[in-house]
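As structure tokens, the structure follows; a few thoughts come after it.
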Amino acid sequence: MSSPTSSRHDAQPQSRFTFRDLRLLGQSSVNSPLRVITLIDFDCFYAQCESVRLGLSPDQPLGVQQFKHVIAMNYAGRAAGLKKVVNAEEAKLKCPSIVLQHVPTWREGDTTWRYRDDALEHMDIDKSSLDYYRLQSKKAMAVLKQTLPGDRQLIEKAGIDETYVDLSGPVHQELLKRFPEFVTEPPSLDAHLPLPIDPLLDWSDTAVEEDTSDEARQHVDWDDIALHIGCELVKSIRSAVQCELQYTCSAGIARNKVVAKLAAGHNKPNRQTVVRTCGIEPFLQQYKFTKIRGLGAKLGRQVSKAFETELVSDLLNVPRATLASKIGSSSAAWVYNVIRGIEYSEVTDRTQLKSVLSAKTFMVSLQDISQAEKWLYIFAADIMGRLEDLGGDRRPKTVAVHLQVNGPRAPTRSKQGPIPLGAKLDTDLLLKLSRDLLLALEKEGATWPLVTLSVSVNDLVDVERGSRAVDSLFAAAGKTSPLPSSRNSNGWSSNAKVVDTKVVETVKDTRANPKKRTLFDLGFAQQGSRNEHMSKKVRAIDNLTAKDEAKGDINGSGSPLHEDAPDVEDGEGAYDCPTCARPVPASDVLEHLDWHAAVELSENG
Ligand code: DCP
Ligand code: MG
């Protein structure tokens, strides 16, 4: 696409967009109707990682196995009739030539994760590790950052293999380069832009969703040009990733996150899809509204129950007031807009993860601290890897050890303590703190033989907040007595002593109250609390955005305040467990499947 614009003094028809819209684009404001957002999602991610690592052709069917399940299937396997998530035996039966590669595992007594041929036979002493895929994900992120122009990059990692990028800033820069007349001060921000002249857009690298009427096709405006530049950027990112890492990915490009996300999955694999503004409504009408982010769980179920449909097309006929009478006015306002493709959530690099858990259920119970220590090391190393994966921006405030002695339905005993703020957080520190907590638990009640053991780090805060807290801790310590430096009764140094004195204990007796959660439910319990936290955070971020923009909008014109996005709900963005069909958050999938494996072993043994 290359075309000059007409002068604004010409009697040319005007654009729908104003200089203000253009300026807001440059500010990556959610209020710019010219906004360009992409979601980039790797194709069959773990399967590609393995295929490339093993030097296999993408045409060779390959599945990534975790004990009895295949959790990622490449597209050659899918072409052979296999689903993305399937039972490993069934995969072999249906496609005998398939390569099934087991995920790497940690093994009791070993100090690192590895690929092992005998993981399936060692479900009792192995624990799956995601580290290799996290590493690949990090490499891909580095390529993305190198390729994306501009120093103010707005990137949100939404999962191990999917990333939102707000391309508005880079697109604005490129627009000014290509149409330098926009650099000059406009007569007024409310003046309409001139329409682009001869705007022939070549979309050949991209699948286009649009209103297919001729009028809409011909009516190209600056939103299309912005999206087109966005597509060029996404193409260059995808090419760079493929060139440097050999991974293919798909992408959606649209004016907001909701539409970009749906578009990314619309033409998989290895294809990008743009949804022109004129194409948003027809595009969304192909989908069930339960596929829309925010409507995937409780709210979506509530709406489909109230209106006895899951189709966007049906819901479009429902007046806003009727929606409000069934689901409340605030949710109704958001739902009414989102099914029409109107959505304003920000691309934010803030992570909402609240805690990280590493757990193991033992078939042969652990007998003493020396056996448990080997697992505490594995948990500590696993947790540190996952914290690093958050970019080192989040630091937990507390660590907790949980255990069960009398079987999986028995009470869970837990002990929690602070992670000293001044201390360097590494595997050794986590091991030391968790060992100390386990010893304290041992002193206080029956601990051996031990059936389940887990370590969680909790209350993750942004590192800057943590650093402020470090300062205040040191200040307080200076005024009062210094931290004890002697070793405590367990032989650990002052850090562990702090834990001893501030320990918080919880004992959950699930027999007394069947509604309480056991450690077996912990994956779900954690999911609940994380999502609760996430909801608040999402609200906070949204409020901030709306407020900030109302205050700081250019020339104080005031921007519309948008309806709050609904709470991010349980099950939202989660994977359905192939065994129990319950939604499991991506970060807990491995723990959860390991847990099933352990239960199965215990039931059969
Ligand atoms: N994953 C998992 N357990 C599941 C589903 C997925 O561990 N039940 C992992 C394996 C996937 C990765 O998460 O490779 C990314 O999930 P996606 O949903 O993006 O699936 P894929 O990337 O495998 O396939 P697609 O090409 O459809 O994106
Ligand atoms: Mg994927």
Side-chain angles (χ1 to χ4, degrees), residues 30 39 158-159 162 164 254 256-265 280-346 352 354 515 517 521 523-543 545-546 560-577 580-588 592:
V30 296
L39 176 78
E162 57 179 51
Y164 287 101
N256 59 46
K257 284 166 78 175
V258 161
V259 182
K261 163 97 179 155
L262 284 174
I280 288 181
E281 286 212 16
F283 175 71
L284 286 179
Q285 284 183 41
Q286 306 166 47
Y287 282 93
K288 290 182 172 173
F289 56 75
T290 44
K291 295 280 174 207
I292 293 177
R293 188 177 181 275
L295 283 166
K298 205 170 128 206
L299 180 59
R301 286 196 296 275
Q302 200 187 346
V303 175
S304 61
K305 195 168 162 217
F307 299 99
E308 294 177 348
T309 180
E310 286 196 1
L311 302 179
V312 169
S313 48
D314 288 342
L315 209 56
L316 284 171
N317 300 323
V318 177
R320 192 192 288 245
T322 316
L323 258 182
S325 68
K326 302 277 187 185
I327 61 171
S329 54
S330 149
S331 296
W334 184 82
V335 171
Y336 186 87
N337 279 338
V338 85
I339 58 171
R340 289 167 172 79
I342 301 166
E343 195 266 342
Y344 299 96
S345 63
E346 251 185 336
Q352 286 102 26
K354 171 92 172 137
K515 278 191 183 153
R517 287 161 165 157
D521 296 325
F524 297 113
Q526 292 244 329
Q527 178 194 341
S529 65
R530 176 159 54 246
N531 285 339
E532 225 172 81
H533 170 80
M534 206 143 62
S535 310
K536 283 183 196 137
K537 191 119 189 187
V538 166
R539 266 200 305 274
I541 291 167
D542 279 357
N543 289 341
T545 309
L561 292 179
H562 308 304
E563 296 77 14
D564 273 358
D567 288 353
V568 177
E569 306 170 72
D570 280 7
E572 194 77 64
Y575 298 113
D576 288 339
C577 169
C580 64
R582 291 175 74 174
V584 185
S587 57
D588 294 346
H592 182 78

> Nearest 0.5 Å, what's the CD-CD distance between Gln286 and Glu281?
Replying inline: 13.0 Å
> Please walk me through it: do Glu162 and Leu39 pass side chain to side chain contact (heavy atoms under 4.5 Å, CB included)?
Replying inline: CA-CA 7 Å; Glu162 57 179 51; Leu39 176 78; 4.1 Å; yes
>> If we ignore hydrogens and angles and just use 3.5 Å, is the side chain of Asn256 paired with the main-chain N or O of Ser345 as donor and acceptor?
In response: no
>> Are Lys305 and Ile327 packed together at the side-chain level, in the sense that at least one heavy-atom pair is separated by less than 4.5 angstrom?
In response: no
>> Quick one: does any side-chain atom of Lys261 pair with a main-chain N or O of Ile292 as donor and acceptor, under 3.5 Å?
In response: no
> What distance do Asp314 atom CG and Gln285 atom CD have between them, rounded to the nearest 0.5 Å?
Replying inline: 10.0 Å
>> To the nearest 0.5 Å, what is the distance between CD on Gln302 and CZ on Phe307?
In response: 9.5 Å
> For Ser325, which residues count as a side-chain contact (heavy atoms from CB on, under 4.5 Å) partner, sequence neighbours excluded?
Replying inline: Thr322
> Looking only at atom types and distance, does a side-chain atom of Arg340 sit under 3.5 Å from a main-chain N or O of Leu316, one as donor and one as acceptor?
Replying inline: yes
>> Does Leu311 form a side chain to side chain contact (heavy atoms under 4.5 Å, CB included) with Lys288? I'd like the steps, not just the answer.
In response: CA-CA 4 Å; Leu311 302 179; Lys288 290 182 172 173; 4.3 Å; yes
>> Which residue in the set Leu315, Val335, Thr290 passes side-chain contact (heavy atoms from CB on, under 4.5 Å) when paired with Leu295?
In response: Val335
> Mind checking what makes salt bridge (Lys or Arg N to Asp or Glu O under 4.0 Å) contact with Lys291, not counting sequence neighbours?
Replying inline: none
> At their closest point, which heavy atom of Ala324 faces which heavy atom of Ser329, and how far apart are they?
Replying inline: CB-CA, 3.9 Å
> Under 4.5 Å between any side-chain heavy atoms of Tyr336 and Val318, yes or no?
Replying inline: no
> When rounded to the nearest 0.5 angstrom, what distance separates CD1 in Ile342 from CH2 in Trp334?
Replying inline: 12.0 Å
> Taking only residues two or more places apart in sequence or in another chain, which ones pass ring pair (Phe, Tyr, Trp, His ring centres under 6.0 Å) with Phe283?
Replying inline: His266, Tyr287
> For Arg320 and Ala332, which heavy atoms make the closest approach, and how far apart are they?
Replying inline: O-CB, 4.3 Å
